[in-house]
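In each ligand, atom 1 is the first atom listed, and ligand 1 is the first ligand listed. Here the structure is a predicted model, which is why all the values come from computation and not from measurement.
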Amino acid sequence: MSARVTCPVLSTRITTAEAAAELIRHGDNVGMSGFTGAGYPKAVPAALAARMHAAHAHGSEFRIGLWTGASTAPDADGILAEAHGIARRMPYNSDPVLRREINSGEVEYVDAHLSHSAPQMWFGFFGHLDVAVVEVVAALPDGLLVPSTSVGNNKTWLDQADKVILEVNHWQPRELEGFHDVYYKAALPPHRLPIPLTDPTARIGDPYLRVDPRKVVAVVETRAPDRNTVFTEPDDTSQAIASHLVHFLQQEVAAGRMPADLLPLQSGVGNVANAVLAGLDASPFTNLVAFTEVIQDGMLDLLDTGTLRFASATSFGLSSEGVSRFMENIDHYKGRVLLRSEEISNHPELVRRLGVIAMNGMIEADIYGNVNSTHVMGSAVMNGIGGSGDFARNAFLNFFMSPSTAKGGAISAIVPMASHVDHTEHDVHVLVTEQGLADLRGLSPRARATRIIERCAHPEYRDALTDYVERADRARPTARHTPHLLDEALSWHQRYLDTGHM
Ligand code: 0RQ
């Protein structure tokens, strides 16, 4: 029996990745583990991709519907996309090959809110789940599963799939046992009850995932690392964004709107989010708590310095340096980190109750505060909405952050009209660029426009934005609430497509 598979029943199912992949058929809906490059299956996707290549070489179709927790890695999403084996995908993707196929129209991508992805599976919106492929750290004698570096949607995939393939990854530290809290009492309407979490540090579930052993058709043992999420050192732009944000939080405390140790923090992914965490670490704030979805390097730093006393999330998303640091000091993090299912880590009820401070990146915002997190020039998806909507709409306070320009200044992040809207003007509290910070709370649309242009737009684009809003304001005396010039509102994007500059 393997040291990690001590369940007598499951140990009889140990096999190769190739044999496991044989159990997945063309047209199947497959639920895979994985969230921001952590805890995804490392061996079965490659074996499956090889089968897809072989089938396509013989002129047969072999494509699956692939549901995950969020982004996976080149050796999961990437390798399957290279095999042209993904027909449908949900939710959140950051793989460049798969992104290309989504944007070329080859893959149908459903960009669901992360907190909705598991419940919508239960509602039946994504069809029947044929197979689950889930990475775990160990299978215990009683069949309980020690989850890996992400929990994501694994509970739902294991519950719903007809067939289950487990990957037991010996590379993941065995000491991960005890880092998880899996809530098994979520029900469907009309049977839902309040989720009994009133403190981000509390446990409400079990440390283990459950699976019906009769459904487990294969157990594959692996020894392979999670994706290495590379961060760049904070540059002047992201440091300026961080500094505006930290200063604003200090003002909020001084104004009596939140306690000195703030409210639970959610931080998105990416370099700007990481720089903001570094900014918080350098600030006088201490004793903070995170109620977030991803623990990235910056959050590990906060835990190390004691700026953060606890982090609730659904996943890690670490660089290789971060992984080594976590593994070497794993006992130090135990009891200070809990990973939950993403329907709980991102649950609107909990985000609202706890009064979370949400900090997420954006692609662009318009002068009235509508935010686009997902689409470049209106049509090409970048990653997806992820958890940004779960947190932002329900947050006590939300921030959307971006450099004021992209592509070397050719694109303004502040535009007359957002070319795609993920977070409406009703949901957005504060915009931050390196130029400054615009607090939009309590402002009418026209007042918001003035403030966003003054505080957040790059000086090169400020006059043109002011000119737009003034002409729009004069254009129709009976339509001055949110003035627009409809024939011009998206002309900045069109100009970029035509000339390479807004
Ligand atoms: O592309 O590298 O090809 O130049 O977008 O931009 O400035 O490096 O910022 O890494 O923080 O990502 C919104 C994409 C920002 C991210 C987004 C281009 C830019 C660059 C990245 P290049 P930056 P970040 C938690 C919450 C949605 C999901 C979310 C995101 C690339 O934050 O995906 O918040 N958010 N989830 O050049 C054209 C513009 C652009 C632009 C930036 N206006 N036009 N390109 N870019 N602005 C996580 C989860 O839920 C899992």
TODO: Give the numbers and elements of all ligand 1 atoms closer than 4.0 Å to a heavy atom of I385.
DONE: 28 (C), 29 (C), 36 (N)
Open item on the list: Closer than 4.0 Å to some heavy atom of N383 - which atoms of ligand 1 meet that?
Closed with: 14 (C), 30 (C), 33 (O)
TODO: Please check atom 23 (P) of ligand 1 for a protein heavy-atom neighbour under 4.0 Å.
DONE: no
TODO: List every atom of ligand 1 that sits less than 4.0 Å from any heavy atom of K407, numbering the atoms from 1 in the order shown and giving each element.
DONE: 1 (O), 3 (O), 4 (O), 22 (P), 37 (O)
Task: Contact with ligand 1 for L114, non-hydrogen, under 4.0 angstrom - done: yes
TODO: Taking the six-membered ring for Trp and the single ring otherwise, decide whether the centroids of H423 and F400 are under 6.0 Å apart.
DONE: yes
Task: Any non-hydrogen protein atom less than 4.0 Å away from atom 32 (O) of ligand 1 - done: yes
Open item on the list: If you define the side chain from C-beta out and look only at heavy atoms, does anything of V133 sit under 4.5 Å from V131?
Closed with: yes
Open item on the list: Less than 4.5 Å apart, side chain to side chain, heavy atoms only: is that true for L114 and F35?
Closed with: yes
- [ ] Give the numbers and elements of all ligand 1 atoms closer than 4.0 Å to a heavy atom of S373.
- [x] 13 (C), 27 (C), 35 (N)
Open item on the list: Can you check atom 18 (C) of ligand 1: any protein non-hydrogen atom closer than 4.0 Å?
Closed with: yes
Task: Which of the ligand 1 atoms, numbered from 1, are nearer than 4.0 Å to a heavy atom of M362 - done: 13 (C)
Open item on the list: When you compare the side chain of F248 with that of D439, does any pair of heavy atoms fall below 4.5 Å?
Closed with: yes
- [ ] Ignoring hydrogens, tell whether any protein atom lies closer than 4.0 Å to atom 36 (N) of ligand 1; use the non-hydrogen atoms only.
- [x] yes
Task: Per-atom contact, atom 49 (C) of ligand 1, protein heavy atoms, under 4.0 angstrom - done: yes
Task: Close approach of G384 to ligand 1, heavy atoms, under 4.0 angstrom - done: yes
Open item on the list: Under 3.5 Å, is there a donor on one side chain and an acceptor on the other for Y40 and D75?
Closed with: yes
Task: Is_contact(atom 5 (O) of ligand 1), protein non-hydrogen, under 4.0 Å - done: yes
Open item on the list: Do H429 and L440 have side chains that approach each other closer than 4.5 Å (heavy atoms only, starting at C-beta)?
Closed with: no
Open item on the list: I'd like to know if D95 and R99 make a salt bridge, using a cut-off of under 4.0 Å between side-chain N and carboxylate O.
Closed with: no
Task: Atom indices of ligand 1 within 4.0 angstrom of M382 heavy atoms, with elements - done: 5 (O), 14 (C), 18 (C), 31 (C)
Task: Within-4.5 Å side-chain heavy-atom neighbours: E434 and H458 - done: yes
